[in-house]
Amino acid sequence: MQEKIKLEGKEKLLQDILRVVLFSDFAVILKGMYNQSKNIDQDYILGPSCLILSILFCSIYGINAFTSGNLVNNWANTDIFNYLYTFFTYKLGYSSLKAKNYTIRTFGSFILLIALGIIIYTFV
């Protein structure tokens, strides 16, 4: 089951960085929407900015899944987390701790695949 974990100093800093990156990404998207409505062409700046911020967010989030995993545990969708945890526990027969680790790593793998997809999209 998913439990909210109290974060340590380094993880609190990473969480704050994730919040700033996420807020900045949304601000870039909103600025792009505003520019489109006013026929202002700044896509050459906003497009790469959005992609870089998205890659940064996904990388920090995904790498955390393979280190401590506490950020992923706290930020993951509860329903999906519990479904995956139940799958690993009851269907595959893993212990509680092992199922929790696999669930966190599944989230991390998925978000790192998204980051890889963004990188491929950027350079192709």
Any Leu14 side-chain heavy atom under 4.5 Å of Leu18 side chain:
no
Please give me the minimum heavy-atom distance between Phe81 and Ile104, naming the atom from each residue.
CE1-CG1, 3.8 Å
Considering non-hydrogen atoms only, spot the tightest contact between Ala115 and Cys58 and give its length.
CB-CB, 3.5 Å
Can you confirm whether Gln42 is buried at CD, in the sense that more than 12 heavy atoms of other residues, nucleotides or ligands lie under 6.0 Å from that atom?
yes
Check: Thr78 main-chain N/O paired with Asn82 side-chain donor or acceptor under 3.5 Å:
yes
Would you indicate whether the side-chain heavy atoms of Lys4 and Asn73 approach each other to under 4.5 Å?
no
Tell me, do Ile114 and Phe110 make a side-chain contact under 4.5 Å, heavy atoms counted?
yes
Are side-chain heavy atoms of Tyr121 and Leu51 found at a separation under 4.5 Å?
yes
In Lys12, Glu11, Lys10, the residue satisfying side chain to side chain contact (heavy atoms under 4.5 Å, CB included) with Glu8 is Glu11
May I have the step-by-step check of side-chain contact (heavy atoms from CB on, under 4.5 Å) for Tyr94 and Lys100, ending in yes or no?
CA-CA 9 Å; Tyr94 293 146; Lys100 184 177 176 183; over 6 Å; no
State yes or no: do Leu116 and Val124 share one hydrophobic cluster built from I, L, V, M, F, W and Y residues joined by side-chain heavy-atom distances below 4.5 Å, directly or via other members?
yes
Least distance between heavy atoms, Ile63 atom then Leu112 atom:
N-CD2, 4.3 Å
Partner of Lys31 under side chain to side chain contact (heavy atoms under 4.5 Å, CB included), chosen from Ile29, Asn35, Val28:
Asn35
Passes side-chain contact (heavy atoms from CB on, under 4.5 Å), Tyr102 versus Leu84? Steps please.
CA-CA 9 Å; Tyr102 274 119; Leu84 286 172; over 6 Å; no
Between Ile80 and Phe107, is there a side-chain heavy-atom distance shorter than 4.5 Å?
yes
Can you confirm whether Phe66 is buried at CZ, in the sense that more than 12 heavy atoms of other residues, nucleotides or ligands lie under 6.0 Å from that atom?
yes
Nearest 0.5 angstrom please: Ile52 CD1 to Ser59 OG, how far?
11.5 Å
Give the minimum heavy-atom separation between Ala99 and Thr89, together with the two atoms involved.
CB-OG1, 3.3 Å
If you define the side chain from C-beta out and look only at heavy atoms, does anything of Asp25 sit under 4.5 Å from Cys50?
yes
